[in-house]
Amino acid sequence: DMKVTQMPRYLIKRMGENVLLECGQDMSHETMYWYRQDPGLGLQLIYISYDVDSNSEGDIPKGYRVSRKKREHFSLILDSAKTNQTSVYFCASSLLGGQNTLYFGAGTRLSVL
Amino acid sequence: QQKVQQSPESLIVPEGGMASLNCTFSDRNSQYFWWYRQHSGEGPKALMSIFSNGDKKEGRFTAHLNKASLHVSLHIKDSQPSDSALYFCADNTGNYKYVFGAGTRLKVIA
């Protein structure tokens, strides 16, 4: 089954707490992504991972870091979360190359109070 | 920086009507163009891709690409209430980076 799974689906944290968002895929895709979605801004790219331990900043990496120790698993970490990081976060995966479909997870809705 | 502009921001069409969505991209090196659809509470799902100039039809959906004018569009014929969703266009220059527009919110009313 071609699936991207995100955990948790909903998360409430206080400002200054650390946040871990997890993503898994069962398609053996080399490339994985983290996006955030805010009303009127569409999907903004936070980080790209080309494979295990091979990550690159996207357009809005400030305040975030990532970890990919296994091909099927990609984590997004917020150290000392800020209120402006309240958003919906999506993980996606694809085969290499722009001609390939991006498969998205269902998202994690994060509220930082 | 690579940008994708979508219009309109929102669109209401009657059931059975035609919906037309537009995107203008900024990078002449863009090679691959995608339409994604997102229903409320879900992640985006790929609707269709178009890589060559001209039209591509899949069922009720037709995409049109004009690389010279940096324009891609999506036309939905015989719109259904289930087509109500947020639609994104995205382009890719052939590297790993997909750039998304801000989205068009389509509502189909019965």
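Sequence lines set the chain letters: A, B, ... in the order given, protein chains first and strands last, and positions in each chain run from 1.
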* Any donor-acceptor pair under 3.5 Å linking the side chain of A:Ser87 with the backbone of A:Gln37? -> yes

* Under 4.5 Å heavy-atom distance to chain A, tell me which part of B:Glu42 shows up: side chain, backbone, both or neither. =>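 For B:Glu42, backbone heavy atoms alone lie under 4.5 Å from chain A.
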
* Asked: So which part of B:Gln6 gets closer than 4.5 Å to some heavy atom of chain A, the side chain, the backbone, both or neither?
  ->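 Interface part for B:Gln6: neither.
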
* **Residues in residues 103-113 of chain A near chain B [non-hydrogen atoms, under 4.5 Å]** =>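 So the qualifying residues are A:Phe104, A:Gly105, A:Ala106.
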
Flag the pair [X] and [Y] as a salt bridge only when some basic side-chain nitrogen lies within less than 4.0 angstrom of an acidic carboxylate oxygen.
X       : Y       : result
B:Asp55 : B:Lys57 : no
B:Asp27 : B:Lys3  : no
A:Arg68 : A:Asp53 : no

Counting only non-hydrogen atoms closer than 4.5 Å, does [X] touch chain B with its backbone (N, CA, C, O), its side chain (CB onward), both, or neither?
X        : value
A:Thr101 : both
A:Leu43  : both
A:Ser94  : side chain
A:Gln6   : neither

* **Pairwise side-chain contact, A:Asp59 with B:Lys97, heavy-atom cut-off 4.5 Å (strictly under)** => yes

Close aromatic pair by centroid cut-off 6.0 Å: [X] and [Y]:
X       : Y        : value
A:Phe90 : A:Tyr35  : no
B:Tyr36 : B:Phe100 : yes
B:Tyr32 : B:Tyr98  : no

* Structure fact -> The side chain to side chain contact (heavy atoms under 4.5 Å, CB included) partner of B:Leu74 among B:Leu47, B:Leu106, B:Ile50 is B:Leu47

* Using a cut-off of under 4.5 Å on heavy-atom pairs, state which of B:Gln31, B:Glu9, B:Gln38, B:Arg105 scores highest against chain A. =>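 Top count of heavy-atom pairs under 4.5 Å with chain A: B:Gln38.
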
